Amino acid sequence: MVTIENNCFSIPQICESGQCFRLDAVSEDTYELLAGSRYLKIGIRQKDPADETDGSGKADVHGETILYCTQEEYDSFWKEYFDLSVSYSDYIARIDADDDYLRSAAEFGRGIRILRQDTWEMIITFILSQQNNIPRIKGLIRTLSERYGRRRETPDKRVYYTFPEAEALSKASEQELRDLKLGYRSKYICGTAQMVADGRISLEALRSLDYADARAELMRLPGIGGKVADCICLFALHQMDAFPVDTHIKKVMELHYPEGFPFERYKGCAGVMQQYIFYYDLKYR
DNA sequence: GCTCAGGTGGTTC
DNA sequence: GAACCACCTGAG
């Protein structure tokens with residue numbers, strides 16, 4: 001069991017930030033996370049509610065997060081996964097003092113972190129995300145895992161399924177996937193799984209490319225355009241200059257940054273700013 | 001019935 | 001290269 005006290009680390013906020021589709025609340029103060037073939041139970045302990053005065057939803061930022069894993073598992077995997085060796089306060093401190101909108105967004109979502117998730121899992125997840133809503137995406141991933149993943153048990157003897165390997169998915173037919181309600185994305189999943197399984201795209205090689213090259217390489221896969229490639233670059237490859245622009249971000253950009261977003265100023269952390277904006281817009285819209 | 005949900009790919013001008 | 005449009009599905 002590992003306890004983390006961090007001002008900029010909130011599992012509920014990460015859960016709602018839309019970067020991870022296998023993190024769910026199972027009770028008010030307990031979450032379950034599936035990552036690749038791993039499972040993690042997470043407890044949330046609030047600080048004294050009397051400390052919270054404005055009821056703005058920031059309450060969960062200050063408190064303790066309990067990861068139900070060994071110190072060794074934390075050191076070797078989860079610490080990096082949650083990007084906990086990096087100070088997000090430093091990112092927030094870089095925000096333009098005159099940019100009221102971004103300052104508010106960052107304050108509102110200060111518990112968000114950019115996770116370092118599995119590349120293959122993000123590729124499939126964000127192909128499925130197009131023209132789709134979050135609950136349905138989660139359902140499709142669950143279905144795919146149950147059908148093509150491996151059955152496992154948690155320490156509490158609860159059953160879960162690992163994320164399907166490219167090899168396993170490459171053997172599925174388009175019709176099989178359509179029957180699972182993936183719709184027109186079925187063809188993309190088939191094509192992508194085959195290209196990864198037979199080595200036409202190397203996931204390992206993606207890690208060593210810079211942002212522009214990784215993005216271009218990802219876009220060779222069917223069903224992956226600029227937006228989805230940016231999501232994979234940010235949430236899996238940790239390319240912090242990736243700035244996925246979906247319909248919501250596009251509207252915010254038009255409204256608050258008609259002259260263009262200052263990417264130069266936020267070199268190395270534009271993706272974090274995107275997440276603050278996305279989450280703020282999602283919750284405030 | 002119609003629109004919309006975190007888009008992509010193909011066609012057209 | 002910008003502007004269409006089809007594409008599965010389920011919820012409101």
Side-chain angles (χ1 to χ4, degrees), chain A residues 12-24 105 108-109 112-115 117-119 121-147 169 172-196 200-201 214-237 239-258 260-261 270-285:
Chain A
Q13 288 192 350
I14 290 169
C15 184
E16 290 189 275
S17 71
Q19 57 177 305
C20 181
F21 294 80
R22 294 208 295 165
L23 171 60
D24 284 297
F108 187 74
I112 294 173
R113 283 178 171 264
I114 307 296
L115 305 183
Q117 301 184 77
D118 180 74
T119 309
E121 192 172 329
M122 292 300 97
I123 287 174
I124 296 304
T125 298
F126 284 98
I127 288 177
L128 292 179
S129 78
Q130 57 187 270
Q131 290 294 104
N132 231 332
N133 54 53
I134 291 170
R136 220 165 88 78
I137 298 163
K138 286 187 168 185
L140 293 177
I141 292 169
R142 198 184 337 271
T143 303
L144 271 186
S145 300
E146 287 171 5
R147 182 82 171 68
L169 270 189
S173 70
E174 184 184 334
Q175 188 55 49
E176 241 173 277
L177 298 181
R178 281 182 179 269
D179 293 343
L180 299 178
K181 315 294 184 193
L182 301 208
Y184 65 90
R185 307 165 196 87
S186 303
K187 187 163 49 170
Y188 301 155
I189 299 292
C190 281
T192 289
Q194 281 162 19
M195 283 179 71
V196 171
R200 270 177 287 170
I201 288 269
R215 187 178 194 268
E217 186 70 359
L218 284 165
M219 286 176 68
R220 289 176 50 215
L221 293 166
I224 299 189
K227 190 271 179 183
V228 168
D230 279 335
C231 288
I232 299 163
C233 282
L234 185 57
F235 304 136
L237 304 177
Q239 290 288 354
M240 298 293 265
D241 284 316
F243 191 94
V245 178
D246 55 46
T247 51
H248 304 299
I249 294 292
K250 188 164 182 290
K251 280 178 194 160
V252 171
M253 291 295 111
E254 286 162 1
L255 187 61
H256 295 281
Y257 301 94
F261 187 76
V272 184
M273 302 306 151
Q274 190 272 4
Q275 279 288 280
Y276 293 147
I277 293 169
F278 183 82
Y279 179 70
Y280 192 49
D281 185 61
L282 186 74
K283 304 293 283 184
Y284 256 26
R285 187 163 20 124

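Not measured: the values here are computed from a predicted model. Letters A, B, ... mirror the listed sequences (proteins, then strands); counts begin at 1.
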Rounded off to whole Å, could you give me the [atom1]-to-[atom2] distance for the [X] and [N] pair?
| X | N | atom1 | atom2 | result |
| --- | --- | --- | --- | --- |
| A/Y184 | B/dG10 | OH | P | 14 Å |
| A/I124 | B/dT8 | CD1 | P | 14 Å |
| A/L140 | C/dG10 | CG | C1' | 11 Å |
| A/I123 | B/dG7 | CD1 | C1' | 16 Å |
| A/L234 | B/dG6 | CG | C1' | 13 Å |
| A/L221 | B/dG9 | CG | P | 10 Å |
| A/Q130 | B/dC4 | CD | P | 18 Å |
| A/I232 | B/dG7 | CD1 | P | 14 Å |

Quote, to the nearest angstrom, the [atom1] distance that separates [N] from [M].
| N | M | atom1 | answer |
| --- | --- | --- | --- |
| B/dG10 | C/dC8 | P | 14 Å |
| C/dA3 | B/dG6 | P | 23 Å |
| C/dA6 | B/dC2 | P | 14 Å |

Does any donor-acceptor pair link the side chain of A/Y188 with the base of B/dG9 at a separation under 3.5 Å?
->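 Between B/dG9 and A/Y188, which were checked side chain against base, a qualifying N/O pair under 3.5 Å is absent.
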Please confirm whether any donor atom in the side chain of A/R178 sits under 3.5 Å from an acceptor in the base of C/dC8, or the reverse.
->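 Not at all, since no donor on one side and acceptor on the other fall under 3.5 Å apart.
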Sub-3.5 Å donor-acceptor pair from the side chain of A/R185 to the main-chain atoms of A/Q131, do we have one?
->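 Looks like yes, one N/O pair under 3.5 Å.
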Between the side chain of A/Q19 and the main-chain N/O of A/Q275, is any donor-acceptor distance below 3.5 Å?
->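 No: the side chain of A/Q19 does not pair with the backbone of A/Q275.
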Touch check for [X], heavy atoms < 4.0 angstrom, all strands: base, sugar-phosphate only, or nothing?
| X | answer |
| --- | --- |
| A/P222 | sugar-phosphate |
| A/G18 | base |
| A/I224 | sugar-phosphate |

Between [options], spot the one nearest the side chain of [X], thanks.
| X | options | result |
| --- | --- | --- |
| A/N133 | C/dC8, B/dG7, B/dA5 | B/dA5 |
| A/K181 | C/dG10, B/dG6, C/dC8 | C/dG10 |
| A/H248 | B/dG6, C/dG10, B/dG7 | B/dG6 |
| A/R136 | C/dT9, B/dG6, B/dG7 | C/dT9 |

Per the side-chain contact (heavy atoms from CB on, under 4.5 Å) rule, which among A/L128, A/I127, A/N132 passes with A/Q130?
->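 The side-chain contact (heavy atoms from CB on, under 4.5 Å) with A/Q130 is passed solely by A/I127 among A/L128, A/I127, A/N132.
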OP1, OP2 of B/dG7 versus side-chain N and O of A/Q131: anything below 4.0 Å?
->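 Yes, because at least one side-chain N or O of A/Q131 sits under 4.0 Å from OP1 or OP2 of B/dG7.
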Which base, if any, makes a Watson-Crick or G-U wobble pair with C/dA3, both distances under 3.5 Å?
->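 The answer is B/dT11, by the H-bond criterion.
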With both distances kept under 3.5 Å, what pairs with C/dC8, Watson-Crick or G-U wobble?
->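 Checking every strand shown, C/dC8 finds no partner, since no pair has both distances under 3.5 Å.
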Does A/R178 come within less than 4.0 Å of A/E174, counting only side-chain N to carboxylate O?
->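 Result for this pair is yes, salt bridge flagged.
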Would you mind telling me which of A/F278, A/Y280, A/Y276 makes a ring pair (Phe, Tyr, Trp, His ring centres under 6.0 Å) with A/F108?
->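 Of A/F278, A/Y280, A/Y276, ring pair (Phe, Tyr, Trp, His ring centres under 6.0 Å) with A/F108 is met by A/Y280 alone.
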Please report the C-alpha distance between A/D281 and A/K251 in whole Å, then the side-chain angles of each, then the deciding distance to 0.1 Å, and finally whether the salt bridge (Lys or Arg N to Asp or Glu O under 4.0 Å) criterion is met.
-> CA-CA 10 Å; A/D281 185 61; A/K251 280 178 194 160; over 6 Å; no
